[in-house]
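Counting from 1, the numbers follow the sequence of the chain as shown. Because the structure is predicted, anything quoted here is derived from the model rather than measured.
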Amino acid sequence: MLTRLLASSVIVAVCSITATAWLSVQRTSESISVRRGETLAVDTRIHGTLVGYAASHPGWAGVEDTVRELADETGRRIALTTENRVPIADSAKGEQELPRRTSAVVDPLAVDLTLAPDAQGRIDPRAVGPFSLPDEERSRLLSVAESGAACLDGVYGLTAEVEVRPSGRPVVTGARVGSAQWSDCGLDALDEPTDTEREALEELAETTASCLPGDGQGVRFGIDGATGVPAALAAPSEPPADEARAPADPVPPSDTDEGGAGPEAPPPEEEVLPVPAQDMLPSPGQDPPSAQDTESPEPEGWWLPPTQEPTAVPPPSEAAPLPESADLDPAVADCVDAGRRAQLEPYVAPAALLFIDDPSEGAESVLSLSGEGLLRIGGMVLLVLVPTVLVSVAVSARLVRPVRALTDAVQRTHRGRGPARVEVSDSGEIGRLATAFNAMSEHLERLEEQRRGMISDISHELRTPLSNLRGWLEAAQDGVAELDPERVRMLLGEARLLQEVIDDLRDLALADAGELRLSLELVSVDELVEQAVSGRALRAGESGLELVADTAPVELRADRTRLLQAVGNLLDNALRHTAAPGKITVRARREDDEAVVEVEDTGSGIAQDDLPHVFDRFWRAEKSRSRRTGGSGLGLAIVRDLAGLHGGGVSVSSVLGEGTVFTLRLPLAGPPNRGTPAAEAGARSAPP
């Protein structure tokens, strides 16, 4: 046991240490993954800021300040170069070599979707170019939008907010708005392009007219240059070809740009709802459609103005977004993207290579244990293993000590030194085992005492009648006494007593060995009780006792001879312990699915402390063993065993000095396990 406990402790310790080391490696790997995620977030921020700068400036002049600020905020080295790695801006001021790998390409007209996963297209929305509104138009549209939003809120109770797009055009967003409410609040002015926007749209239409099918029929441009197509022309297709521009050398700013910077675009705003249908313009050379044309399933070249029925028109702030160019036919999408890039290219900075380096980053992506790491883990294993072994030895010794004491006690008992006791010093499982062992020892001691008492009782029960027989026979042989009829009757009674004791012992031995068989048949209990009472009526009369049978018809399946033996033993016990003038009543009745036989007497009764021992073998309340006051002490034990064989039981209730009632209960259907027919046909013992 000590070896098993020690081995178990060692295995547990090794497994726990190994699991801890594995968890540490996993935790470190997770930390690296989190670090990489943070790095990607920082890289995305740097890339987005520089793309915004390129979208709002026609060149990279002046980007050094932006690069330096980003480097100070993120702690990274940031460098921009041309395709030929000619430096444009470097936060390290060229003191270090550039990393071997390029982090990304900064191009507002071909955004790197890896670092801009939320981008709606390859062209950055901050690249507005000729669509950027002058201050006068911005102020006018903003005034209209703010007054309209206030009208929707104050008059109609509709929540509306004003947001400004990178081009400077304000849009009204919020709750659903009907066409009538939209017009009533004067927001129709937002549905028409300004002079600046109209000029830019005409330029875009002319640029794409040469490559669009059908002279541009079916292609729609929004106020900010967004494109769409009717459902009949839209079809799933492969993503458009990558139109990324090759990084170019820095271009000197034109004279028209002050300081080399074009129109300054506002920083990227939060995503707003799409431009309403009213914000679209026709292709060049087309007239606005008539009212009859608005029901055409495929309007061409125009975004239709809203109808005047509020219930039939979606609110401008929640109108369906325009399809992206990637949803167009591939040829149309390529044409539109090329036209937009050509129109915006003079207003944005040329593409540049972006290098991002983290000076503090040196960890590898996959951890591997070095020799030093293995030594550390080995040392930790020993550090934990040694205390574990010591504690295990101490605990095991504490557990083994009481087990050894139990083993020694069992061996002493086996050698015949008598039942032994062990000290109970624990309240756990070992303590309960010691308590159970002590209880078993006490039980064995009682059994030994009962065995000795039984041997003494059997020898006494057999010696007395044998002594009488031998004495009278020797006297008759010597001529001292004559064997007259009275003497012969007395000697015959002693022989019968010997036969009864021997038969009772045989029945008990068969019952203990499970070999006492029953011959089952349908038995009338009332008739059987009458027979037992009639056989003992003369004896009861000679003793001055009244023997009465109170029965009701009841039948059950049982062994008639064994059942008669059980009832007879109860009657003999009652006759033996009832003094004259007394009364013995035998009742037989049916209760539910059981047959009940009661033997009630008005005898001396049994003390309450003696009731649990009534059915023990050779037990008698009167210890004098007088033939007048007690029998062999086996009759009630036989009744208990016979009742158990029939699937029933026997119980006793008594009041000292008033009388005793024995109750025999047997199932009407017979014992649950009747055995084989051959077994049921076993031998019967002679009736008492």
Side-chain angles (χ1 to χ4, degrees), residues 52 55-56 118-121 124-201 220-228 263-282 288 294 299 302-324:
S56 57
D118 298 332
Q120 299 297 322
D124 191 89
R126 292 168 291 184
V128 294
F131 291 93
S132 179
L133 300 181
D135 294 340
E136 179 183 356
E137 293 179 352
R138 292 189 185 195
S139 301
R140 178 175 57 83
L141 293 179
L142 182 60
S143 176
V144 173
E146 291 177 348
S147 62
C151 171
L152 292 175
D153 187 13
V155 177
Y156 297 101
L158 299 175
T159 302
E161 297 179 356
V162 178
E163 297 181 6
V164 180
R165 294 182 176 176
S167 63
R169 166 173 281 274
V171 293
V172 179
T173 62
R176 295 181 62 86
V177 181
S179 300
Q181 298 166 341
W182 185 267
S183 300
D184 187 44
C185 289
L187 294 174
D188 290 338
L190 298 179
D191 299 337
E192 294 294 333
T194 64
D195 294 339
T196 301
E197 292 169 336
R198 188 179 300 277
E199 182 179 352
L201 286 171
R220 304 168 183 173
F221 299 102
I223 290 179
D224 57 356
T227 59
E264 188 75 21
E269 301 288 345
E270 297 181 357
E271 183 180 357
V272 297
L273 294 175
V275 182
Q278 300 92 315
D279 290 351
M280 301 304 163
L281 285 180
T294 59
W302 284 86
W303 281 115
L304 303 180
T307 178
Q308 298 303 317
E309 298 179 5
T311 58
V313 177
S317 61
E318 298 184 4
L322 291 173
E324 297 293 336

### Query
Out of curiosity, Arg198 CZ to Glu192 CD, how far, rounded to the nearest 0.5 Å?
6.5 Å
### Query
To the nearest 0.5 Å, what is the distance between CG (Leu133) and CZ (Arg169)?
6.5 Å
### Message
Any heavy-atom pair between the side chains of Leu152 and Leu187 that's under 4.5 Å?
### Response
yes
### Message
Are more than 12 heavy atoms, taken from residues, nucleotides or ligands other than Glu146, located less than 6.0 Å from that residue's CD atom?
### Response
yes
### Task
Taking Ser132 for its side chain and Val128 for its backbone only, find out whether a donor-acceptor pair lies under 3.5 Å.
no
### Task
Check the side chains of Arg138 and Thr194 for a donor-acceptor pair under 3.5 angstrom, ignoring hydrogens and angles.
no
### Task
Could you grab the distance from atom CG of Leu142 to atom CD of Glu137, nearest 0.5 Å is fine?
13.0 Å
### Summary
Note: Gly52 and Ser56 closest approach over all heavy atoms is O-OG, 2.9 Å
#### Entry: side chain to side chain contact (heavy atoms under 4.5 Å, CB included) between Leu190 and Leu141, worked out
CA-CA 7 Å; Leu190 298 179; Leu141 293 179; 4.0 Å; yes
### Message
Going by disulfide (SG to SG under 2.5 Å), name the pairs with one or both residues in residues 132-162, residues two or more places apart or in two chains.
### Response
Cys151-Cys185
### Query
What residues form a side-chain contact (heavy atoms from CB on, under 4.5 Å) with Ala200, not counting sequence neighbours?
Pro130, Phe131, Gln343
### Task
Could you tell me whether a side-chain N or O of Ser147 sits under 3.5 Å from a main-chain N or O of Val144, the two making a donor and an acceptor?
yes
### Query
If every non-hydrogen atom of Val177 is compared with every non-hydrogen atom of Trp182, which pair is closest and at what distance?
CG1-N, 3.7 Å
List the atom pairs, with distances to 0.1 Å, where a side-chain N or O of residues 155-162 and a protein N or O form a donor-acceptor pair under 3.5 Å, not counting sequence neighbours.
| residue | atom | partner | partner atom | Å |
| --- | --- | --- | --- | --- |
| Tyr156 | OH | Asp184 | OD2 | 2.5 |

